[in-house]
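First listed ligand is number 1; within each ligand, the first listed atom is number 1.
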Amino acid sequence: MKLESYQTINNHVLTHRGHQYLELAATYGTPLYIFDETSFKERVVSYKNAFQSPHFDTQILYASKALLTKAIGKLIAQLDIGQDVVSGGEIFVGLAAGVPAKNMYFHGNNKTNAELIYAIEQGVGTIVIDNRMEIERVNHIAKTANTVQRVLLRLNPGVEAHTHDYIKTAHLDSKFGESVFDTDIEAIIQKMVDATHLNFAGFHCHIGSQIFDETSFLKAASEMLHFTRKIEEKLAIRIEEINFGGGFGVYYTSEDTPFEVTAFLPRFTTFVHEESQRIGLALKKITIEPGRSLVNASGSTLYTVGDIKHTTGGKHYLFIDGGMSDNIRPALYQAKYEAVLTNKATQEPTTTYTIAGKACESGDKIIESISLPMAETGDLLLVNGTGAYNYTMASHYNRLPKPAMIHIDEETHRLTVKRDSYEDLMRNELD
Ligand SMILES: *Cc1c(COP(=O)(O)O)cnc(C)c1O
C-alpha cells in the first residue's frame, strides 16, 4: 500500500503520526474512520494559494457530498472556503458548523420546494439552477420571501470526461443541467435574465469525477467560455461568473495516475484568462468545486480481521468487521483499494486474499485480490483513500451500526462522530 505522509513504520508497525493503530482501535473500536486533519488543512491552503488570479475573483467551493460532518464543516468555515451543497440536509449541517450561508452554492437536479424555501430563507448565496422548470419555482419562492436570489445555470458543455480522456458530444443524456446544444437554450437563459426575483450571475458545469486528464478540464473550460461569450452577444448581457465544477482524480491503487492539482490550477486560471481575453470576455469571478481530491487521501478505515476462510475452490477470504455498510464503492462501481495489515507492515506478502465484509451480499467485498502477509484473526487491516464517498454513503444495511470517526491533528486525536449504538438504529421507530 502506498503510505501517506502522515503514516510511518516504527518497529515493523505502521503508525499514524506516531499513534499506534492498535491503541486507536482499543480506544475507539473498529471499524473506525480515521481522518487526518493536518493534511486536509494543508491541502485546502495549497489549493487556495494555487487558485488565485489578478484578473478575477476566485473561490474554492468544497463539494461537501464527498465528506460532511459537523467537524468537517467547522474546518470549512475556519479555512474560509465555500461549500457546495446538494440538499437541505447538507445546508443544515454546514450552517450548524458555522459555514456562512452566503458561501454556499446549492446544486441538485430536483431540489424540492421545501429545500428551496429553506435555502432562500437561510440566505444561501447562490442557487445553481439545473433545468428550465426550476427557474419559475426559484423565482416564485424568492418573490414570496421578498428577496432577489443569485443564481447560476448548470450547463452541459458537450464535453464528457472519462478517467483518461473525454468525448465531445451534442447528445449527452445526463440527468444534470441543460445542454449548450439545446435549441431552446437562449430562451431558457433569457427567462432567467428576465425573472423579477433572480439575479442571473452565470454558468456552472461539472464534467465528471475521478478525471486524470487535464485536457478534459481545459476543453470544457474552452467550450464554456465560448458559449458564455456567444450568449453575452446574443442576449446583450454581461456574465459575471463561471463555476467549472470538480472531478480531479485521486490515487486509490497503482492503476491511478492523478495529476498534481496545485500545479494544474495556475495553468488553468492562466488558460481561462488568456482565452477570455482573446474572445472579449471579462468574467468577474471563477469558481471550482473539488470534493474527492480535497478529502480522500486524508481518510482511511481501520478494521479488525475476523475469520479467515479457505474455500474448496482455492480462494482465501479475509473477513473484516465492516464492509459495504461503511464503504459501498467497490460493490457500487467496482472501486479498487489498497490495504495493509498494520501490525505486519514490513512482512513479505505470502497469500492472495479477498477482503470481504460481514454483510449478507456476495458483492460485499472491499478488495477482490490483494497480496498480504499471512493474516490472523485479530490483526488490524487499514484501507487508505477512504476520505471521500465512504462515510457519506454509509448505510445501516443488516442493522450494522455506522462506525465512529476520529480526527488526528498533529499530536492529538479526538472523536468527531460517535459510533451508533443499537438504540440509535431504532431512534425513529414507533410501534
Ligand atoms: C460531485 C460533484 C462535485 C465534486 O466532484 P469530485 O469528483 O468529488 O471532485 C462538484 N460539483 C458537482 C456539481 C458535483 O456533483
*Asks:* Any carboxylate oxygen within less than 4.0 angstrom of a Lys/Arg side-chain nitrogen, looking at Arg137 and Glu134?
*Replies:*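 Salt bridge between Arg137 and Glu134, a charged N being under 4.0 Å from a carboxylate O: no.
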*Asks:* Where's the contact between Ala66 and ligand 1, heavy-atom distance under 4.0 Å: side chain, backbone, both or neither?
*Replies:*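 It is neither part, as no heavy atom is under 4.0 Å.
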*Asks:* Going by heavy-atom distance to atom 2 (C) of ligand 1, choose the closest among Lys65, His206, Glu289.
*Replies:*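 Among Lys65, His206, Glu289, the closest heavy atom to atom 2 (C) of ligand 1 belongs to Lys65.
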*Asks:* What atoms in ligand 1 come closer than 4.0 Å to a heavy atom of Asp84?
*Replies:*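 Here the atoms of ligand 1 in question are 10 (C), 11 (N), 12 (C).
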*Asks:* Would you check whether His204 has a nitrogen or oxygen atom less than 3.5 angstrom from a nitrogen or oxygen atom of ligand 1?
*Replies:*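 Not met; the criterion fails.
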*Asks:* Quick test: of every protein heavy atom, which one is nearest to atom 7 (O) of ligand 1, and how far off is it to 0.1 Å?
*Replies:*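 Of the protein heavy atoms, Ser209 OG, 2.3 Å lies nearest.
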*Asks:* If the contact criterion is a heavy-atom separation under 4.0 Å, does Tyr389 count as touching ligand 1?
*Replies:*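 Distance cut 4.0 Å: Tyr389 passes for ligand 1.
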*Asks:* Using a strict 4.0 Å threshold on nitrogen-to-oxygen distance, state whether Arg267 and Glu214 make a salt bridge.
*Replies:*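 Glu214 and Arg267: salt-bridged.
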*Asks:* Check ligand 1 against Ala63 and write out every atom of the ligand that is under 4.0 Å from a heavy-atom position of the residue.
*Replies:*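 Once the distances to Ala63 are compared, the set is 3 (C), 4 (C), 10 (C).
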*Asks:* Is Glu241 salt-bridged to Arg150, cutoff N-O under 4.0 Å?
*Replies:*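 The answer is yes: the pair qualifies as a salt bridge.
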*Asks:* Kindly state whether the ring of Phe217 and the ring of Phe271 have centres lying under 6.0 angstrom apart.
*Replies:*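 Between Phe217 and Phe271, the centre distance exceeds or equals 6.0 Å.
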*Asks:* Is ligand 1 less than 4.0 angstrom away from at least one heavy atom of Gly247?
*Replies:*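 Contact check Gly247 vs ligand 1: positive.
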*Asks:* Does only the side chain of Val86 get under 4.0 Å from ligand 1, or the backbone, or both, or neither? Count heavy atoms.
*Replies:*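 Near ligand 1, Val86 shows nothing, with every heavy atom at 4.0 Å or more.
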*Asks:* Using a strict 4.0 Å cut-off to heavy atoms of Arg154, name the atoms of ligand 1 that fall inside it.
*Replies:*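 In order of number, 13 (C).
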*Asks:* Just do the side-chain contact (heavy atoms from CB on, under 4.5 Å) check on Lys48 and Asp80 with the steps written out, would you?
*Replies:* CA-CA 10 Å; Lys48 277 176 83 170; Asp80 195 28; 3.9 Å; yes
*Asks:* Do ligand 1 and Gly291 have nitrogen or oxygen atoms that lie under 3.5 Å from each other?
*Replies:*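 Gly291 vs ligand 1: N/O contact under 3.5 Å present.
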*Asks:* For residues 184-194, dump all side-chain donor-acceptor pairs below 3.5 Å to protein atoms at least two apart in sequence or in another chain.
*Replies:*
unit_1, atom_1, unit_2, atom_2, d
Asp184, OD2, Arg132, NH1, 3.2
Glu186, OE2, Lys234, NZ, 3.3
Gln190, NE2, Asp194, OD1, 3.0
Gln190, NE2, Asp194, OD2, 3.4

*Asks:* Compute the centroid of each ring, for Phe35 and then for Phe40, and state whether the two points are separated by less than 6.0 Å.
*Replies:*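 Yes - the distance between ring centres of Phe35 and Phe40 falls below the 6.0 Å cut-off.
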*Asks:* Kindly say whether the aromatic ring centers of His413 and His19 come within a distance under 6.0 Å.
*Replies:*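 So the answer is yes for these two rings.
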